[in-house]
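Being a predicted model, the structure only gives us computed values, none of them experimental.
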Amino acid sequence: MSILNLQGISKTKLVTRCICLFWLIAKIISWKLWLAERFFPVVPPFNFLFVPSSFHLVLFILSLAALFALMIFPSNRRIQVSVVIIEVLSCLLDQNRWQPWEYEYIFIILALATNYKNEKITLSIIAFIIVSIYFFSGISKLNPVFSISIRNDLVRYGIANAGRSPFYEWLQYHAGYLLGAIELSLSIGLLFGAFRKISAVFLIMMHLLILAILGPFGINYDKIIWPWNTVMIIILCVFFISKPGVAISFQSMKKGWNKLIVILFGILPFLNFFGYWDFYLSSSLFSSRPPGMYICIHNVGSAKVLQSFFAPFGNKIICDSNSTLINVRDWSFEEMQSPVYPEIRIYKSIKKQLLTRYPDMNATFVVNPYIDGMKRREELK
């Protein structure tokens with residue numbers, strides 16, 4: 001049997017096992033994200049969800065156990081429902097856990113649990129989730145900030161040089177737009193039988209390139225997305241390259257909980273472009289649009305315990321020469337192996353908690369929201 005001929009093999013079981021395996025790996029890599037005993041502030045959506053650290057620990061252990069059980073018994077609906085409930089409860093205790101991969105996995109398992117009687121509908125709605133992720137990831141990159149960041153990367157690695165042809169100059173200044181347009185086009189290609197396989201092949205090449213650049217043999221950065229990119233490669237192979245292929249049925253979108261999935265993955269992400277829906281819940285991935293936060297510490301005081309997260313060389317563009325800088329994204333990566341959830345409300349909560357925790361610290365908190373097509377640096381009030 002050809003490795004890409006899955007006739008007679010349950011695709012839902014295969015994908016479920018793969019997701020659970022790499023979900024477990026991601027959880028272990030980012031284990032501090034799922035606990036409360038850490039320096040990086042825990043940011044629940046509501047104050048009454050500030051709970052003792054033991055609750056976080058118990059949910060983390062239950063999560064690992066449930067994912068392992070589901071990997072062994074991928075069709076067990078009770079375990080599927082348990083995984084969804086445990087993950088939702090855990091994410092409610094800290095918005096930093098609302099990572100794009102966590103969000104995707106939860107709703108794939110929800111699709112499995114709610115469409116268990118019909119594998120064809122299950123596969124269709126999961127395919128919709130995958131296509132929507134690529135679609136909004138591509139369209140979110142069509143912005144000048146992403147294009148500038150790609151241009152800067154090309155310069156940094158010596159790929160962009162002056163003195164080339166006018167076309168080459170144009171290309172390097174518009175490479176970001178081109179990358180976004182390609183990903184957007186490939187997502188649309190997954191919808192049509194004539195382009196499904198070739199679109200999937202190019203998307204797999206994209207993931208392999210990401211792993212080559214960010215992986216252990218590249219710059220060894222952002223480890224948390226390594227398992228996610230691997231899962232996406234597997235899903236593309238199983239859904240869009242292997243035989244029989246999976247097609248998205250609009251009929252499947254009308255079924256029960258699938259309506260919620262369509263709203264969350266197909267409609268609400270459009271609101272992100274108007275500031276009414278979160279970046280990570282809108283698949284705004286590597287788009288340069290989410291805001292960052294920087295802490296300029298003028299008097300360290302008791303915040304000296306955070307010195308391992310101070311930027312080693314500072315940043316005179318953001319802070320003055322007498323201040324110490326903490327890049328909150330770098331801090332999050334260093335301590336939790338995952339990025340901070342990039343929303344202004346999260347940064348305000350982090351600021352409030354830090355000022356309460358270290359009252360003798362004198363600091364300025366700076367954010368750079370995406371406004372009118374550009375990043376604007378301003379003090380966080």
Side-chain angles (χ1 to χ4, degrees), residues 19 22-36 38 40-51 55-56 59-60 62-64 66-67 83-111 129-130 132-133 136-137 140 222-225 227-229 231-232 260-261 263-273 275-287 289-293 328-329 331-333 335-351 353 367 369-370:
I19 286 175
F22 289 99
W23 200 348
L24 279 168
I25 293 172
K27 287 260 185 170
I28 293 170
I29 290 174
S30 61
W31 62 274
K32 273 199 172 182
L33 173 64
W34 308 96
L35 303 178
R38 66 191 196 214
F40 201 92
V42 173
V43 187
F46 306 104
N47 287 333
F48 71 87
L49 290 173
F50 278 103
V51 298
F55 282 78
H56 296 259
L59 285 172
F60 181 53
L62 289 175
S63 171
L64 297 180
L67 289 173
V83 166
V84 172
I85 292 174
I86 291 168
E87 296 302 325
V88 169
L89 288 175
S90 183
C91 288
L92 282 175
L93 298 184
D94 186 2
Q95 292 171 85
N96 288 301
R97 297 169 186 167
W98 299 5
Q99 299 292 318
W101 49 272
E102 173 79 4
Y103 187 63
E104 175 191 346
Y105 295 161
I106 287 175
F107 282 96
I108 286 179
I109 302 303
L110 178 65
I129 292 174
I130 300 304
S132 71
I133 289 172
F136 287 105
S137 176
S140 68
D222 205 355
K223 296 177 183 178
I224 198 63
I225 70 165
W228 186 27
N229 276 267
V231 166
M232 296 300 277
L260 174 63
I261 292 175
I263 292 172
L264 291 174
F265 284 86
I267 298 175
L268 292 181
F270 282 109
L271 299 182
N272 174 254
F273 297 102
Y276 295 110
W277 196 244
D278 290 356
F279 289 100
Y280 278 3
L281 304 188
S282 305
S283 300
S284 186
L285 311 173
F286 298 98
S287 68
R289 293 177 65 246
M293 182 168 83
V328 174
R329 178 180 170 85
W331 174 12
S332 179
F333 267 118
E335 186 172 15
M336 303 186 297
Q337 298 297 317
S338 62
V340 59
Y341 193 70
E343 296 292 334
I344 297 298
R345 70 176 186 277
I346 305 300
Y347 297 145
K348 288 183 177 180
S349 179
I350 291 173
K351 174 184 177 180
Q353 291 188 57
V367 292
Y370 182 86

In this structure, is the centre-to-centre distance between the rings of Tyr280 and Trp98 below 6.0 Å?
no

Sub-6.0 Å ring centroid separation between Phe40 and Phe333
no

Any luck finding a side-chain donor-acceptor pair between Trp31 and Gln337 under 3.5 Å?
no

Is there a side-chain contact between Trp101 and Ile224 (heavy atoms, below 4.5 Å)?
yes

Evaluate Asp94 against Tyr341 for side chain to side chain donor-acceptor pair (under 3.5 Å), listing each step before the verdict.
CA-CA 10 Å; Asp94 186 2; Tyr341 193 70; over 6 Å; no

Contacts of Phe286 meeting ring pair (Phe, Tyr, Trp, His ring centres under 6.0 Å) (sequence neighbours excluded), chain-then-number -> none

Should the pair Phe107 and Tyr103 be assigned to parallel (<30°), tilted (30 to 60°) or perpendicular (>60°) ring geometry?
perpendicular

If we check side-chain contact (heavy atoms from CB on, under 4.5 Å) with Val83, which of these qualifies: Leu110, Leu67, Ile106?
Leu67

Does Phe270 have any ring pair (Phe, Tyr, Trp, His ring centres under 6.0 Å) partners at least two apart in sequence or in another chain, and if so, which?
Phe136

CE of Met336 to CG of Leu35: how many Å apart, nearest 0.5 Å?
11.0 Å

Report the distance from atom OG of Ser282 to atom CD1 of Ile133, rounding to the nearest 0.5 Å.
11.5 Å

How far apart are the closest heavy atoms of Val42 and Gln353, and which atoms are they?
O-NE2, 2.8 Å

List the steps and the verdict of side chain to side chain donor-acceptor pair (under 3.5 Å) for His56 and Arg97.
CA-CA 12 Å; His56 296 259; Arg97 297 169 186 167; 2.8 Å; yes

List the steps and the verdict of side chain to side chain donor-acceptor pair (under 3.5 Å) for Glu104 and Trp228.
CA-CA 10 Å; Glu104 175 191 346; Trp228 186 27; 2.7 Å; yes

Should we say atom NZ of Lys348 is surrounded by more than 12 heavy atoms from elsewhere, each under 6.0 Å from it?
no

Interatomic distance, CD@Glu102 vs CG@Leu33, rounded to 0.5 Å, equals 8.5 Å

Contacts of Tyr276 meeting ring pair (Phe, Tyr, Trp, His ring centres under 6.0 Å) (sequence neighbours excluded), chain-then-number -> none

